[in-house]
Amino acid sequence: MTYVVTEACIKCKYTDCVEVCPVDCFYEGDNMLVIHPDECIDCGVCEPECPADAIKPDTEPGLEKWLEVNAEYAKAWPNITQKKESPADAKDFEGMEGKFEKFFSPAPGTGD
């Protein structure tokens, strides 16, 4: 089992999760974070830290797509280990459906 970041992170990109991760397995894209599935130790401390409820265990049904997205972009995006300010309009995107199709960016973030 590993944890995955889902669509709920897109355009919210809260980084509370990276601050508690003991193995620094988060990677930063332009408008979301992902978890490297081979680095995650399944401790679960990140899940309750996410204000957008975007982190889920990969054992939940229907998360296969998100496991693929996390695995692919964790290889391409820079590592992030420190909390940053969330986007000013993050609250406007909380709970919005269809964010992957509308807003996902494959561009990397800045990392640490």
Side-chain angles (χ1 to χ4, degrees):
M1 184 180 89
T2 186
Y3 283 82
V4 295
V5 180
T6 64
E7 179 176 64
C9 183
I10 298 171
K11 299 287 273 181
C12 292
K13 198 168 121 177
Y14 298 112
T15 55
D16 305 62
C17 53
V18 303
E19 196 169 51
V20 298
C21 181
V23 293
D24 299 333
C25 65
F26 282 89
Y27 291 81
E28 184 184 15
D30 180 45
N31 65 8
M32 77 173 291
L33 304 175
V34 293
I35 294 172
H36 194 302
D38 296 334
E39 295 175 3
C40 178
I41 59 170
D42 312 326
C43 68
V45 297
C46 59
E47 186 180 18
E49 295 299 317
C50 180
D53 196 30
I55 301 172
K56 304 289 182 190
D58 72 346
T59 53
E60 285 192 15
L63 293 180
E64 297 80 13
K65 168 188 176 175
W66 292 105
L67 184 56
E68 289 177 19
V69 167
N70 279 245
E72 178 181 349
Y73 289 99
K75 295 174 187 168
W77 291 346
N79 189 238
I80 179 171
T81 62
Q82 298 175 15
K83 185 175 177 176
K84 296 181 177 182
E85 288 294 317
S86 55
D89 60 352
K91 289 269 186 220
D92 297 341
F93 293 94
E94 281 185 28
M96 184 183 286
E97 298 288 325
K99 291 196 292 184
F100 186 77
E101 292 76 21
K102 292 178 189 173
F103 305 115
F104 176 77
S105 170
T110 56
D112 286 341

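Reckoned from all heavy atoms, side chains included, excluding hydrogens, waters and symmetry mates.
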Atom pair [atom1] ([X]) and [atom2] ([Y]), whose distance is rounded to the nearest 0.5 Å:
X: D89; Y: K91; atom1: CG; atom2: NZ; result: 12.0 Å
X: C9; Y: D53; atom1: SG; atom2: CG; result: 11.5 Å
X: I10; Y: D30; atom1: CD1; atom2: CG; result: 11.0 Å
X: W66; Y: D58; atom1: CH2; atom2: CG; result: 14.5 Å
X: K102; Y: E97; atom1: NZ; atom2: CD; result: 9.0 Å

Pairwise side-chain contact, [X] with [Y], heavy-atom cut-off 4.5 Å (strictly under):
X: D42; Y: T2; value: yes
X: V5; Y: Y73; value: no
X: F93; Y: P87; value: no
X: I41; Y: P22; value: yes
X: M96; Y: F103; value: yes
X: I35; Y: V4; value: no
X: E39; Y: Y27; value: yes
X: V18; Y: T81; value: no

- Message: Both conditions, 6.0 Å and 45 degrees, for the charged tip of K65 above the ring of F100: are they met here?
- Response: yes
- Passing candidate, side-chain hydrogen bond (donor to acceptor under 3.5 Å, both in side chains) with Y14, options K84, E94, E85, K83: E94
- Message: A quick test of your reading: do over 12 heavy atoms of other residues, nucleotides or ligands sit less than 6.0 Å from CD of E101?
- Response: yes
- Item | Verdict with reasoning, C46 to C21, per side-chain contact (heavy atoms from CB on, under 4.5 Å) | CA-CA 6 Å; C46 59; C21 181; 5.6 Å; no
Can any side-chain N or O of [X] pair as donor or acceptor with the backbone N or O of [Y] at less than 3.5 Å?
X: D16; Y: P51; result: no
X: K99; Y: A8; result: yes
X: K13; Y: A90; result: no

- Message: With clusters defined by side-chain heavy atoms of hydrophobic residues (ILVMFWY) lying less than 4.5 Å apart, directly or transitively, does M1 cluster with V23?
- Response: no
